[in-house]
Structure formats: structure tokens, C-alpha cells
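The analysis underlying the following values was restricted to heavy atoms, covering all of them including side chains, and did not include hydrogens, waters or symmetry mates. Counting convention: from 1, in listed order, for ligands and their atoms alike. Starting from 1, each residue takes its place in the sequence as its number.
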Amino acid sequence: MKVLVIGGGGREHALVWALRKCKRVDKVYCCPGNAGIAGLAECINNTDPYNIKALVDLVKCEWIDLTIVGPEVPLGLGIVDLFEREGLKIFGPNQKAAALETSKVFAKDFMRRHGLPTSRYKVFSSYPEAEDYIHLMGAPIVIKADGLAAGKGVIVAPTYEEAEGALRLIMIDRAFGDAGNRVIIEECLTGEEVSFMVVTDGKTIVPIPTSQDHKRVFDNDKGPNTGGMGAYSPAPLVDGALQDTIMETIMRPTISLLAKDGIKYKGVLYAGLMINEGRPYVLEYNCRLGDPEAQAILMRLDSDIVDICLSVHDGTLDAAAIQWKPEAAVAVVIAAGGYPGAFQRGKEITGLEAITPSDEVVVFHSGTAFDNDALVTASGRVLTVAALGEDIAAAKDNAYKAAAKIHFDDMHYRKDIAARALR
Ligand code: AMP
Ligand code: GLY
């Protein structure tokens, strides 16, 4: 069969890599893909991955059997609804279900209405009223743009001045455009964050191994938030009892309460959780696999990914036995200097040939391109070095040994990915 992956980052490279291990997959396409993905799939560069009608045409023209959506934007545009109307198989939630990620106001109101554990908040569409509220509440406080903002629309403000600056950025400077028409101002939670994902066909809900992301750009969680600088799986913080609590108080109710509201959720549901004194609180939902969590987690997948996606589509996930490798995985993101602020593209990448390709260590490309024959950087997050090991310490060691072989000018990566799990 032929499978299309939409997206062009490290998560999509990991999806393509997992698909290439499936016996019944003959050909993989990726739109737009990147230079690393090009070694495993046909990259489609002449179709806009956000033009969902053009993607329908592509799938029909190439007789593609299944489409897997990596990022949130096409889900928010309703790609699943359109594909389903056209009778095409696709993996991901529909537009209404994806609103859990595409509208933070929708997600918070849903949680409040149903009593799901999350921080207290208020929604504003007027700047003076929002400003009065932060004045009243004081800092620390969290300011969030309602809509999608490529991971930059959340500002955790330690002081009143920073909260006001965040509010101005979103509501007056309109840094995120219409995504900032409404803001959420919420109580700042403390504790430790984990990423908890499930895969569901709307009836059966299967937990995916736990993981932890590293949001801040510098070691020891310093500097601004990024899309994610590294991940590891499993997250030792989540023991069996906590996993049960998360499933019973958050994941199952989210999916069944959505169904009660007339919204069937199919695909991967991701909850970003804050664990405070052993209790989980939802910081945010995502309607897809996390990046870089996916790179760590897919290293551990020991089942056929296409079978899982098809069983979600067919509503037969109850019959699927999803196996995971017992090894731990660590994924280290190598970024361009300056990221998540301004950075340069086009720097030549060397050293990848010194890393022997294996199932134990894989360099997923997050943002690369070819400049003639040279492999060059093409975005802020450039590569994700993912490795397995018998435990987190061994996986970490394997990932960093490989990362040390890679070079490009001004490259930067955190040296403490997974250190938290080893304390
Ligand atoms: P994202 O929405 O993925 O860009 O990430 C937002 C990040 O902001 C989370 O991963 C947390 O680190 C932080 N965050 C969001 N909401 C809160 C909150 N209520 N309290 C403390 N930190 C938060
Ligand atoms: N790593 C967090 C995310 O994918 O949103």
C-alpha cells in the first residue's frame, strides 16, 4: 500500500521511518518532507501542505491508500473532515475534535464545564479588562493566545511587567494575528511536566508510553520556550498508579465527554500535564503526536504502525495488540544558533556519515535541505538524534555520543536532556 505523511519535521521523519518497516507498505510519500526524509520517501514539494484540497487531489492522483497527519494546522483546517467526505482514509482527529488544540478557550471551557483538573482562568477579548485582571491577580501568571501560535503563544510571566508585556504583544502588537483575538489569563501551576498521549478510535483508548519534553532552550530549563529541545521515554515520574489516575481522571473522560458533546475523537490525543504533589493537571491538549516526544516514542514502537493507524480508522483498535520495546529512548534536538529567536539557514551539516545507521541510533531530520549536493540547515530545529538504551542513562549516553559527531556553524543543543530522570 501507499501512505502519505503530511509535515516536514523530526516527528514526520520518525513516522516515515516507522512506516518503512511495515511489510505491506510499498511506498511512502511525504509533503513537504525534508532532506532526511527524502532518503526514505518521495517528498512532495509542489503541493502546499496546508492546501487541503490540493492534498485530496494528490492522494487521488497517486492512488494513496492512507494519509497520516503530523502537525496541527491541517487538522485545524479540517483535512480529516474533507478526506472523509471524499471517502479517503486518514489518521487524525476531525476539525471539531482538533479544537482541543486549535482553541485554548474551547479546551479550557470544556475542562471547566466537565470538572477536569486544570488551572483556574479567565478569558478576555478587551485589553483594558485583561490588564485590570493581571493587576488584580498579580504575578506569577500565565498569558495564552487563544489560537495556534507555533508554540509561542504561551507566556509564563514571573512579574507583573512581563505579564503586561505579554498581553501587549498578543493584543496590541497582534504578534500572533487573529490567534490573539482572545487571551486566557490563568493561574501559574508548579510541579513537574509530563507528556501523556493515547491513541483512540473513539471507543478504545490505548495509552502510549510516557515521555517528558524539554521546552526551554538552555540547560537547567533556562531561556525562552521552544517547540521542544529533547525528550525521553519512559518518564519515571509516572508510575503505574499515576498512569491509572491520568487515564481515569483525564484521558478517558476527555474522550467520552467529547462524545457526549457530539464530537468523536480519533487519532492521538496528547495532554501536557503538570504533576503537583502526585496529582495531574492539564496544561494543554494537542491533537497529534508531540515533537520531539514522537522521535523518542517511535524508537520504542515494536508493532506495525500502519496496522495501528488502520485499526483507528476502521474502529477496531480493541483488537490491536500494540507492543513497545522495553528499552528507554532519549532524543536530543540540535538547533540553529539563535533559535527560538532569529537564526540563519543554509549552514552546511557534516559528520552524519560517522553515525552508523541502526535501529539503536537514528538521526531524524527536523529541518534540513539540499543545497546542490550539500546537506544544509533549513529551520530552527535542525536534527533530532534519537537513541535506545537498556535504561535512560544508556540511551542518553548513546544519543550524546552520536550528537558529538555532528557539526554545523553555531549549532546548539542542550547537554542535560533526560538528566532530570536520573536525579
Ligand atoms: P505550549 O502550549 O506547548 O507552547 O507550552 C506551554 C508551556 O507553558 C507548558 O509546557 C508549560 O511549561 C507552560 N505552562 C502553560 N500553562 C501553564 C500554567 N498554567 N502554569 C505553569 N506553566 C504553564
Ligand atoms: N513537544 C510539544 C509539542 O509537540 O507541542
Run the salt-bridge test on K108 and E186 with the 4.0 Å N-O cut-off and return the result as yes or no.
yes
Requested in this report: Ignoring angles and geometry beyond distance, decide whether E284 reaches within less than 3.5 Å of ligand 2 through its nitrogen or oxygen atoms.
Outcome: no
At under 4.0 Å between heavy atoms, what of L289 touches ligand 2? The answer is neither
Checking heavy atoms under 4.0 Å, the part of L189 that sits near ligand 1 is both
Verify the distance criterion only: is there a donor paired with an acceptor across the side chains of S233 and R300 at less than 3.5 Å? yes
Numbered in order shown, the ligand 1 atoms found under 4.0 Å of a heavy atom of E284 are 1 (P), 2 (O), 3 (O)
Is there any N or O on G227 that sits under 3.5 Å from an N or O of ligand 2? yes
Note: ligand 1 atoms sitting under 4.0 Å from heavy atoms of S119 are 19 (N)
Checking heavy-atom distances from atom 17 (C) of ligand 1 to each of I155, I185, N286, L283, the winner is L283
N398 and L388 have their tightest heavy-atom pair at ND2-O, 2.8 Å
Could you tell me whether the side chain of V156 reaches within less than 4.5 Å of the side chain of C188, counting heavy atoms only?
yes
### Close N or O approach (D213, ligand 2; < 3.5 Å)
yes
To atom 19 (N) of ligand 1, the nearest of E186, E101, R120 on a heavy-atom basis is E186
So the atoms of ligand 2 within less than 4.0 Å of a heavy atom of E293 turn out to be 1 (N), 2 (C)
Min over K215, E193, R216 of heavy-atom distance to atom 5 (O) of ligand 1 lands on K215
Counting from 1 in the order shown, the ligand 2 atoms closer than 4.0 Å to a non-hydrogen atom of Y270 are 2 (C)
Near V156 (heavy-atom distance under 4.0 Å), the atoms of ligand 1 are 8 (O), 13 (C), 14 (N), 22 (N), 23 (C)
Next item on the list: Answer yes or no: are there more than 12 heavy-atom neighbours, outside H114 itself, under 6.0 Å from its atom NE2?
Entry: yes
message = Any carboxylate oxygen within less than 4.0 angstrom of a Lys/Arg side-chain nitrogen, looking at D261 and R113?
response = yes
| Non-hydrogen atom of K152 closer than 4.0 Å to ligand 1 | no
Taking only non-hydrogen atoms of N286 and a 4.0 Å limit, the atoms of ligand 2 in range are 3 (C), 5 (O)
Charged N to carboxylate O under 4.0 angstrom, D221 versus R216? no
Carboxylate-amine/guanidinium proximity below 4.0 Å for R381 and D291 = yes
With heavy atoms and a 4.0 Å threshold, my read on which part of K104 contacts ligand 1 is side chain
Only residue of L317, L269, I255, V199 satisfying side chain to side chain contact (heavy atoms under 4.5 Å, CB included) with I205 is I255
I'd like to know if the side chain of Y121 pairs up with that of D109 as donor and acceptor (distance under 3.5 Å, no hydrogens or angles considered). yes
Short N or O distance, R11 and ligand 2, threshold 3.5 Å exclusive = no
Between R174 and D178, is there a salt bridge with N-O shorter than 4.0 Å? yes
Quick note on ligand 2: atoms under 4.0 Å from a heavy atom of K215 include exactly 2 (C)
- prompt: Would you say K122 has more than 12 foreign heavy atoms packed within less than 6.0 Å of its NZ?
  reply: no
Does even one non-hydrogen atom of G228 get within less than 4.0 Å of ligand 2? no
Measure the shortest side-chain to side-chain distance between D359 and K21 over non-hydrogen atoms and say whether it is less than 4.5 angstrom.
yes
Counting heavy atoms under 4.0 Å, the part of T190 that contacts ligand 1 is neither
Give a yes/no on ligand 1: does C188 have at least one heavy atom closer than 4.0 angstrom to it? yes
Under 4.0 Å from one or more heavy atoms of K144, ligand 1 contributes atoms 15 (C), 16 (N)
Of I297, I305, D304, the one forming a side chain to side chain contact (heavy atoms under 4.5 Å, CB included) with L301 is I305
re atom 5 (O) of ligand 2, the protein heavy-atom contact at minimum distance is R288 NH2, 3.0 Å
Of all protein heavy atoms, the one nearest atom 7 (C) of ligand 1 is N225 ND2, 3.8 Å
min-distance protein heavy atom vs atom 4 (O) of ligand 1 -> G151 O, 3.3 Å
### Message
More than 12 heavy atoms of other residues, nucleotides or ligands under 6.0 Å from CD of Q344: yes or no?
### Response
no
Within 4.0 Å of some non-hydrogen atom of G290, the atoms of ligand 2 are 4 (O)
